[in-house]
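Remember, it's a predicted structure, so these values are computed and weren't measured experimentally. Remember, it's 1-based here, ligands and their atoms both numbered in the order they're listed.
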Amino acid sequence: MAALNVAHKILLANAADNVTELPAPGQPLLIQFSHTLYQDATGTAAALAFEKMGVDRVKTTSVIVVDHKTLQVGFIDGDDHRYLETFSKKYGCWFSRSGNGICHSVFLEDFAVPGKSVIGADSHTTNAGGMGMLAMGAGGTDVSFAMAGKPYKITMPEVVEVRLTGSLPAGILAKDVILNVLAEIGIKGNKGICIEYTGEGLKSLNVTDRATICNMGTEGGVAFSIFPSDEVTKDYLTLRHREDDYQEVVADAGATYSRTVEINLSALVPTIAIYPRLKSMEPVTDHVGMEIDAVFIGSCTNANYPNLARVGELLRGKRVKVDTAIAPGSQAVARMLAAAGYMEIFFAAGVRIMENACSACIGQGFSPPTSGVMLSTANRNFAGRSGTESADVHLVSPVTAIASALEGKLVDVRETFSGALTFNEVPMVVDMSAYIAPLPPAEAAKIQCRFGPNIKSLPDLAPLPAVLDGEAVLKLGPEVTTDLIQPAGKYLALRSNADEYAKQATFIQADPTFGVRAMAVRDAGKHGFIVAGDGYGMGSSREHAGLCPRILGIQAVVAKGFERIHLANLANFGILGLTFVNNDDYDKINQGDKLTLDTSDLESGSLTLVVNGSTEIPLQLGQGAEDVPMIRAGGALSHFAASQ
Ligand code: MIC
Ligand code: SF4
């Protein structure tokens, strides 16, 4: 048998139907996921979808974590949490209450198992790749089908090797590593690849470092990232009292890759991702002295104990000069920081301690001032995500962030501090009583889900018409993020009420007239189209970025290219994702043009768009032929209902 790399091993181990040979890259492959993950922002819609599937109990190890909507101003978030808790009890899931931590952090700590697989309703589910797990983000509907025991279709990726040489110098963290990997591979056009990390540099990265790196592979649009499961993994699991979960997963000698990118860890320098969209990753030294207004240290990317303990060491005996907030990734991290004395150091330094939750990463508090500059350790900095559209949010490592907070301007941490940045080691906090474990079936059967007035059932979506006849309601440029399509921040509360979320928020930043104009087209019995450049749908897994436009009457998106999760979400809500055969044809469509599309032969994949009754533009169906029955039916749930 051929020598296998880790990615191939993990795909084979989790493939559905006992497949013994992997298909060629680009071909479909069914995965039977062992674990699933919901969080509270995507989870209510996903749970509502699950309830439509008529399954008594989940078929996977299912974890539901409240971490995004934790501000709880008014009843809406609390109602969503209560619904998810009752749902969790009724269907046999693990439930993690608000305050326990961010879904990816707690999943890594207490649930991730090397060799197994997880699909989560959040794009950074890839975090668990740091544990040698096949870990992917997806739309909530797809995660719910996986929870119901259905296999999930992926496109077999090419495996790109990122070979790490050298070792991390003092002051350089995993965040700097991934920013440099992203600079190498770019932030779009990577959906056909996964990344496997190899090389002697692996030894200098602990499991949380590895998770940081896999977490932000998402920013490059890769399907997933994976590290081997080795002695480092074993030590971590042992410290978390989970040594029985350890399994070695390493590449066979002679394993090959489609290409190799080499990163010399020893040569890395502190790096900053200049706002917005992680397009330019530059050495901090190029921007030293930049005035800053605020610093946020948190998010699932790097709010782990070793990073925050280093932050504590840098703060010892000092005071910050700008507004600074720290949000630990989990209660376990927060308790370890307290045990090691770092909480006292944070408070004495004038730092605000925020909840163990997503918080400022997703604009839930701590928004910067008008035209302000914030340094953040989060993983993405899309326009407006911080809650302040005019603010610039640049991404850096936790030690660069805190060293800069102490000076009130961006600094090179290697200049302001010397030494190895060592920190106090304390025993890991492991506390499974923080979770509500799955109830035994007899007890679960007695639970009734509790709803609230803002939790509305998902709309029934009509089948795709044989001919789409309407107009280009919106024309956009490249790299349309899901935050631009369907913003979070103050609109996060509306996640359980898709109609309202659609009316109030869809494309609100791009064009505040979009909703009204789209509904006018819809209500006239016509069909809405969106036209865009490449990288459409980059960022989050939020399926509302498909559902809400669909509610407003959008039936097709014509773009130069799509991101993976979003394209699947469009299909799940019966929206055609179409690409140009000739990208220059993008210029032939203007906003407001009349568009007609015959959908009777979707199966062939080739379609013709007619613009203003005359110009013909050849298009390609972005989704697979196997998705066509679902799109025709009006989306995943309509298709499922019709097949029962
Ligand atoms: C994000 O980081 O953008 C989010 C908020 O976690 C999203 C999920 C969501 O929109 O609820 C993600 O990454 O998928
Ligand atoms: Fe939460 Fe931010 Fe991580 Fe998304 S990226 S899961 S909002 S901490």
Consider only side-chain N and O atoms of Ser123 and Ser540, and report whether a donor and an acceptor are under 3.5 Å apart.
-> no
Quick note, side chain to side chain donor-acceptor pair (under 3.5 Å) partners involving residues 127-148, not counting sequence neighbours, are Tyr38-Ser144, Asn127-Asn215, Thr141-Glu543, Asp142-Asn572
Which residue from His68, Arg495, Arg380 reaches closest to atom 11 (O) of ligand 1 through any of its heavy atoms?
-> Arg495
Verify whether the ring centers belonging to Phe382 and Tyr275 lie closer than 6.0 Å.
-> no
Under a heavy-atom criterion of less than 4.0 Å, does Gln486 contact ligand 1?
-> no
Is any protein N, O or S atom closer than 2.8 Å to atom 1 (Fe) of ligand 2, and if so, which?
-> Cys358 SG
Please answer whether the main-chain N or O of Thr301 pairs with a side-chain N or O of Thr212 as donor and acceptor at a distance below 3.5 Å.
-> yes
Filtering His544, Arg542, Arg385 for the heavy atom nearest atom 10 (O) of ligand 1 leaves Arg542
Region of Gln364 engaging ligand 2 - heavy atom pairs below 4.0 Å = neither
Distance filter under 4.0 Å to Ala41 heavy atoms, resulting ligand 1 atoms | 11 (O)
Would a distance-only check, ignoring hydrogens and angles, find a side-chain to backbone donor-acceptor pair under 3.5 Å from Asn356 to Gly99?
-> yes
N or O pair under 3.5 Å between Asn379 and ligand 1 = no
Kindly give the heavy-atom pair with the smallest separation between Val333 and Asn304, and that separation in Å.
-> CG1-C, 3.9 Å
Measure centre to centre between the rings of Phe87 and Phe50, then say whether the value is under 6.0 Å.
-> yes
Ligand 2 contact by Glu219, heavy-atom criterion under 4.0 angstrom | no
Atom 13 (O) of ligand 1 has as its nearest protein heavy atom Ser123 OG, 2.6 Å
Is there a donor-acceptor pair under 3.5 Å between the side chain of Asn569 and the backbone N or O of Ser541?
-> yes
Can you tell me if Asn302 and Asn307 form a side-chain donor-acceptor pair at under 3.5 Å?
-> no
Relative to the heavy atoms of Asn379, which atoms of ligand 2 are at a distance of less than 4.0 Å?
-> 5 (S)
What residue and heavy atom of the protein are closest to atom 7 (C) of ligand 1, and at what distance?
-> Ser540 OG, 3.3 Å
What orientation do Tyr342 and Tyr305 show, parallel under 30°, tilted 30 to 60°, or perpendicular over 60°?
-> tilted
Ser541 N/O under 3.5 Å from ligand 1 N/O = yes
May I ask you to list the atoms of ligand 1 that are less than 4.0 angstrom from any heavy atom of Thr42?
-> 9 (C), 11 (O)
When you look at NZ of Lys116, are more than 12 heavy atoms from neighbouring residues, nucleotides or ligands closer to it than 6.0 Å?
-> no
His566/Tyr536 aromatic ring centres below 6.0 Å | yes
Using a 4.0 Å heavy-atom cut-off, say whether Ile362 meets ligand 1 through its side chain, its backbone, both or neither.
-> side chain
